[in-house]
Amino acid sequence: MTRYLSWQYRSLAIALASLLTPLGFGCTSPSSDNNPQASATPASSTENQTATVHVAVVPWQSREEQQKKLQPLADYLHKSTGRKFDFQITKDYKTSVDLLVNGKVDIAYLGGSTYVLARQQNPNVEPIVAPIDQTTGRPWYSAVIAVNTGSGIKSLADLKGKRFAFVSPNSTSGYLVPMVKFKATGINPERDFASVKYSGSHDKVQADLAAGVVDAIADEKPSFLRSQKSGKLNTTKYKIIWESDPIPTGPIVVSTKLPPQLIADLKRVLINSPAGLVDVSGTQSAGYTLTKDSDYEPIRQLKTSLESNTGAAK
């Protein structure tokens, strides 16, 4: 599949836009992590055609597990382009953005929300491809709210007075989309929940649910189902009570300062990559498809709506 995604997102944009209703209140914006990690000098020089290409990756799972799963992709890119690719799993979502926008890495594997943030801070970054979800056969996935069935939570309204965990304030499925849903249904997490936590990654938010630290979580559906299948989350004890409309999968984003030929090569080899290579979330993808900035307009609109209403409430 080598066509752009715009036609695929027309219905998606309409669906997500339905959440953009006037919101009567806001909550204090959660703080973001700072102090980006140090990184080697990026391989953006046109003279050095063999320099290592440094890739920042948002922390979706435990660092060791995610690094191991992404190694076949690094090996494939090395074999296909002749360059070595160094994938570094950053300590938090914001660090991946900082490394890319400040020119500390050449490429970043981001979520939709973190891509929009990176583009806002530096227009010289662009998405080139997005993974195709192996289950849906499309370049999108969904956010979910999952609960401990013993908590008595059966609907979003039942979340009031309960302990809740988001993934990160920069996560699309683990914060942005569920938060917009909460606002649209009159739920204010800071006011209505007993406690609110930011676990840091999808693996960690699931671990907090399993450990009984919280009663409910925001998560992405593929990761949650994968944990149920592996036995980490018992299917009778933990269940999904809400699922979002489709969300664009996180893109691979490059600095436009990279040599044009390298960018073209990356598009080509990723589009032609074998099925089964793991994407940023740890999901075996069904390949990649070309993408561009406008494909993430639904995410941008959700962020703008949420941020504007939060600001108005301060």
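Count residues from 1 along the sequence. Fair warning: this is a prediction, and the values are worked out from it, not measured in the lab.
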Quick one: side chains of residues 120-132, donor-acceptor pairs under 3.5 Å with protein atoms, not counting sequence neighbours, listed by atom name and distance.
unit_1	atom_1	unit_2	atom_2	d
N122	OD1	N124	N	2.8
N122	ND2	V101	O	3.0

Check the angle between the aromatic planes of [X] and [Y] and answer parallel, tilted or perpendicular using the 30° and 60° thresholds.
X    : Y    : value
Y93  : H202 : tilted
F166 : Y175 : perpendicular
Y109 : Y288 : tilted

Please enumerate all residues that pass salt bridge (charged side-chain N to carboxylate O under 4.0 Å, His left out) together with [X], with sequence neighbours excluded.
X    : value
K239 : none
D265 : R268
K197 : D208

I'd like to know if the side chain of [X] pairs up with that of [Y] as donor and acceptor (distance under 3.5 Å, no hydrogens or angles considered).
X    : Y    : result
S96  : T90  : yes
T95  : D92  : yes
Q206 : S227 : yes

Checklist entry - What residue pairs, at least two apart or across chains, pass salt bridge (charged side-chain N to carboxylate O under 4.0 Å, His left out) with a residue in residues 164-177? => result none

Checklist entry - Do any pairs count as a salt bridge (charged side-chain N to carboxylate O under 4.0 Å, His left out) and have a residue in residues 141-161, sequence neighbours left out, and if so which ones? => result none

Checklist entry - Side chain of N102, backbone of L99: donor and acceptor closer than 3.5 Å? => result no

Checklist entry - Does the pair R119 and D293 meet the rule for a salt bridge (Lys or Arg N to Asp or Glu O under 4.0 Å), with working shown? => result CA-CA 9 Å; R119 178 80 172 201; D293 178 69; 3.7 Å; yes

Item to check | Within one Ile-Leu-Val-Met-Phe-Trp-Tyr cluster: V167 and I217, side-chain cutoff 4.5 Å | outcome: yes

